2 protein chains.
Amino acid sequence: MTIDDNNMGRTPTLADVAGLAGVSTATVSRCLNSPDRVVERTRKKVEDAVLKLGYAPNFNARALAAKRTNTIGAIIPTMENAIFARGLQSFQEELGCSGVTLLVASSSYRADLEEEQIRTLVSRGADGILLIGLHRDPKIYEFLKRQNVPVVVAWVFDPNAKVPTVGFDNFSAMKALADRVISMGHRRLSTITASPQGNDRASERLRGIYASMMEAGIPKTELSIVEAEYGIDEGGAALEQLLCKTIRPSVVMCGNDVLAVGAIAKAKELGLCVPDDISVTGFDDIEIAKISSPALTTVHVPHRRMGKEAAKMLINLVNAAKNQNSILIETSLVVRASLSSA
Amino acid sequence: MTIDDNNMGRTPTLADVAGLAGVSTATVSRCLNSPDRVVERTRKKVEDAVLKLGYAPNFNARALAAKRTNTIGAIIPTMENAIFARGLQSFQEELGCSGVTLLVASSSYRADLEEEQIRTLVSRGADGILLIGLHRDPKIYEFLKRQNVPVVVAWVFDPNAKVPTVGFDNFSAMKALADRVISMGHRRLSTITASPQGNDRASERLRGIYASMMEAGIPKTELSIVEAEYGIDEGGAALEQLLCKTIRPSVVMCGNDVLAVGAIAKAKELGLCVPDDISVTGFDDIEIAKISSPALTTVHVPHRRMGKEAAKMLINLVNAAKNQNSILIETSLVVRASLSSA
DNA sequence: TAGTGAGATGTAAGCGCTTACATTAAATTT
DNA sequence: AAATTTAATGTAAGCGCTTACATCTCACTA
């Protein structure tokens, strides 16, 4: 049995265990944290006492005394987005292998909230922090540095950043997709994107589209842009806005699969045929991309691998404090039925 | 500026602030926790010192001394499921209104992991805990009670449970759906469900189907059951299994929308027409249900409201410790194209 | 103007744990 | 068997904060 009775009116402490076992608190502490430093017979006594009392260590007291929490914090923009959830899942799994607990917070894509949560995580004693995207007030990085809390940034790759990153090249990934789109004859382009303001993933992807257009000699003005928040309905609404423009685009390149699926649904609702009347592309390649009809052309991102690498990196940083090199996660184009020749 | 320099080699403490401001630590503490108990002039001095040093309180020390964390924990089966993510989002928002922080853990549907995480949350000093589903070892409820940590259970409604619940009646909701299915002439029924073992949501829903069949005089044997984990691909694989059975069902009632969408996709892949060859139903009514083609017949669950109510209840419990009554969240049938007459 | 009491601030004792250092016991060497 | 090393355990000083209680101020009252 792991959970047992004790007949005190309060939750048992280390001292109670020590008393019952007839040893000092230091010995009990050692039993819990480095059992090999305690002789078998003593350890047995202590373990019995722990069970007898249903003792559970007080985390806060431990953290205060040890100045270490075995906890790593992560701040993601939203929990409602499957891609963050999935990356985080493997991040957590990898941390778990090292006995580290994950603390998650979501910032709702708001910089001020994120800053607040970073401070919360630090004051809670997180040994390290995972952040999404590089773009934020430099003061925050300074703060983290001064507090001696290592950081890893995921979802972007930038070997020149002052913090290690593990992610993919948003610019190149989107440019590769745009290259393909343009090579299929599309000229009247459009995109549904998250606000690039303060979101380097979004702005890099946008830059990727422009770069491709430039190479193909298509003027920048041929790209219509609509900003949308994350969500199926938001994608649909954005598509409607796009269709109001005087020149109807032949393709809409969406910032992620969810927006894309929303756009497809809305297009069908409006009696348009995808991809005959309008092509649609996504980004991320989550499950929904495959089962969408038509199936979605998108950029595949190995989120699980990214999460895992980020975890390893952060653990190294926490343990050794030696600098880690950024890791590039390769993406790949997945061409499916939602994209056809113009 | 909220984050500023200090020229010490370590992170500043309350005592540092007190020293700089020329007051005692008690006064600084009061400035931070009950500003109205400190006179304006003093408070100003303290605030200046806080800013000057970039002071951030040490959460663990505070929790240790105050025996309160303003933190509530929640353990959900998985983060990858949109319905939990969404319910949790509004849960968190509501908590935020009261200045309470949320700590999330996911148990991967494993009872042992859940128990471990409950203990972790308690040892971290969570003032209260949100759990999904009632079914778990009674020892856990006893443990929580002894530790004086209030609990609310969500996603199920049971006025007779020993802990307050806020959720819906899984039995009636599924029975209502089955009633409709059967009234449309279906007799060869099937279901794709999470393992009902230790999952009261799943087992109640299954019971709902049986109850409906019984009323209609359909023998229990007419229901084929396949268990599947959560996921689009899992739903597809389960459908294949179902189709291997000698008697092909005319309808597949899925435990949630994600499984249902997976089943639909697989059916289409196999050349079957939904709903002409086979009808499919889901549960939850997440966004994907609307945009699926054909659109999914399902049970609508107001997750956001559920999350909000759960938060309110938990906060009351933490503050007043008076018992709360369970809250029933009403569900409703949403009939869409994926269900047709047999 | 001394007396009163409310309000502001200070003092100091913990909260439950870890850990450097001191002490004691056991194992090894000579 | 005494001397020396090594392993096991104990002692006690914090970790950074909150808060009961003591003290001090000062505007009022009588």
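Order of the sequence lines sets the chain letters (A, B, ...), proteins ahead of strands, with each chain counted from 1. Note that the structure is predicted; figures quoted are calculated from it, not measured.
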### Message
So if I define the base as every atom that isn't primed, P, OP1 or OP2, how would nucleotides 16-28 of chain C read as a B/S/- string at a heavy-atom cutoff under 4.0 Å?
### Response
BBBB---------

### Contact state string [nucleotides 23-28 of chain D, B base, S sugar-phosphate only, - no protein heavy atom under 4.0 Å]
------

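Applying the salt bridge (charged side-chain N to carboxylate O under 4.0 Å, His left out) test to Lys162(A) and every residue at least two apart in sequence or in another chain returns nothing. Partners of Arg37(B) under the salt bridge (charged side-chain N to carboxylate O under 4.0 Å, His left out) rule, at least two apart in sequence or in another chain, do not exist in this structure.
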### From CA spacing to verdict: salt bridge (charged side-chain N to carboxylate O under 4.0 Å, His left out), Lys312(B), Glu94(B)
CA-CA 7 Å; Lys312(B) 286 202 243 170; Glu94(B) 186 66 26; 5.5 Å; no

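In this structure the side chain of Asp16(B) never reaches within 4.5 angstrom of the side chain of Tyr55(B), judged on heavy atoms. Within the 4.5 Å cutoff, the side chain of Val153(A) has heavy atoms near those of the Val156(A) side chain. In this structure the side chain of Val122(B) reaches within 4.5 angstrom of the side chain of Leu144(B), judged on heavy atoms.
The end-to-end axis angle of the helix from dT1(C)-dA30(D) to dT30(C)-dA1(D), rounded to 10 degrees and based on five pairs per end, is 40°.
What separates CZ of Arg124(B) from P of dC15(C) is a distance of 23 Å, to the nearest Å. Between Arg43(A) atom CZ and dA8(D) atom P the separation is 10 Å, expressed in whole Å.
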Show me the side-chain donor-acceptor pairs of residues 41-48 of chain A shorter than 3.5 Å, one per line, residues at least two apart or across chains.
residue: Lys44(A); atom: NZ; partner: Asp48(A); partner atom: OD1; Å: 3.1
residue: Lys44(A); atom: NZ; partner: Asp48(A); partner atom: OD2; Å: 3.2

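Here the options are Thr71(B), Asn58(B), Asn60(B), the test is side-chain hydrogen bond (donor to acceptor under 3.5 Å, both in side chains), and the partner is Arg124(A); only Thr71(B) passes.
In this model, a donor atom of one side chain and an acceptor atom of the other lie less than 3.5 Å apart for Asp127(A) and Thr69(A). Asn70(B) and Arg68(B) form a side-chain donor-acceptor contact under 3.5 Å, judged by distance and modelled atom types alone.
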